[in-house]
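Each ligand, and each atom within it, is numbered from 1 in the order the structure gives.
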Amino acid sequence: MSMPSDFAHQRFEARFSDGRTASSTDVFVELTERGIAIVRKASEAPQIWPYGALTTSEPLTRHAIDALVTSSHQPGATLFVPGPKFARSLAQCAPHLTASAERWRSARPWLWATVALIAVAIGIWMVEFSPARTMAMMLPDEARKTMGRQVVNAMGQGHATCNEAEGRAVLDTLTAKLSKAANITNGFNVVVIDRDLINAFATPGENIVLTRGLIESAKGPDEIAGVLAHEMGHGIERHPETGLIRAIGLTAAAELLTGGGGTLSSVGVTLLQFSYSRDAEGQADDHALRILRESKISAQGLAGFFARMSKIEGLKESDLGNLLSTHPITKERLAKALQQKAYESEPALNDADWRALKAICGTN
Ligand SMILES: [Zn+2]
């Protein structure tokens with residue numbers, strides 16, 4: 001270590017206590033290449049406290065008027081050096097004792113958490129090449145719920161949500177039944193927005209958005225159940241979270257992971273612009289078929305709805321916001337749903353409940 005020349009070999013008066021006896025003694029200290037040299041008597045060899053082993057009672061600032069120093073090499077012993085000059089000089093020899101070093105240290109748990117998460121994400125990325133999905137799986141529930149609320153709000157912007165009491169109760173009962181079959185403990189939350197679009201979206205945090213257009217276009221309750229089960233499949237696979245992280249970027253997602261908030265408020269992303277991959281659709285369908293079977297609801301509703309959607313005049317994949325653009329329907333998907341072996345099933349809703357659900361927006 002190079003010594004700042006203006007104080008090399010300068011002696012400071014100090015009080016030293018070895019921590020074993022009650023009294024303290026007057027000593028001289030010097031800042032040397034090896035550490036603080038503590039000189040008790042001129043005849044004794046100085047005792048050296050290496051800089052790296054030092055701690056101070058308070059971080060050394062430019063305004064420090066004294067320094068109370070301890071050393072891990074001599075537990076219990078303390079060295080008190082009055083005057084601002086020693087404190088300033090010590091700060092130069094042992095920068096880890098300064099206030100800025102202290103700030104850095106207090107930031108450490110957060111930094112380590114971030115570094116660890118990024119390392120894990122990179123590690124898995126190298127195996128799976130899907131950091132967005134990895135992060136999505138690691139997001140705390142609270143962050144997912146926050147993301148979900150923001151997305152639902154963004155999608156409902158300028159449109160009413162539909163909450164006619166009877167229809168709402170019917171929808172909640174059906175959602176709870178499907179959630180239970182999906183093994184989602186706290187259940188999904190379904191919001192109906194008053195839009196003409198025919199679409200359904202899973203959003204982060206086990207939220208699902210249905211449009212009035214979709215409910216009106218359905219030929220029966222089994223179709224709604226099928227669509228809900230499919231969206232639950234996306235939710236279970238964390239597809240919405242993954243999609244959002246891809247959209248907002250990994251850095252913003254890392255902030256969410258480490259509890260930093262507010263990032264999403266500046267992101268005008270909505271799931272309207274998403275288009276799920278063929279693989280993602282396949283996964284969601286697999287979950288849907290399982291959930292429907294568990295719920296004793298026929299898969300023919302789902303198959304029928306998809307078949308009809310893909311044939312509706314004027315409802316093309318290019319229509320941004322409609323079901324075909326977000327959940328591309330392929331021949332394979334249709335075939336898989338249609339080819340489900342029949343099992344014991346009952347209608348998802350009775351006639352009265354189905355009418356109530358259709359009137360959830362109060363328009364009919
Ligand atoms: Zn889908």
Indicate whether the side chain of [X] and that of [Y] have a donor and an acceptor atom separated by less than 3.5 Å.
X    : Y    : answer
R133 : T242 : no
T70  : T78  : no
Q74  : Q47  : yes

- Distance filter under 2.8 Å, centred on the Zn ion (ligand 1) - protein N, O or S atoms that pass it: H230 NE2, H234 NE2, E281 OE1, E281 OE2, H327 ND1
- On the 0 to 90° scale, with breaks at 30° and 60°, tag the H239-Y276 ring pair as parallel, tilted or perpendicular. tilted
- Query: Under 3.5 Å, side chain of R168 to main-chain N/O of N163, donor-acceptor pair present?
  - Reply: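 Side chain of R168 to backbone of N163: no pair is present.
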- Message: Can you confirm whether or not the ring centre of H234 sits under 6.0 Å from the ring centre of H327?
- Response: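 Between H234 and H327, the centre distance is under 6.0 Å.
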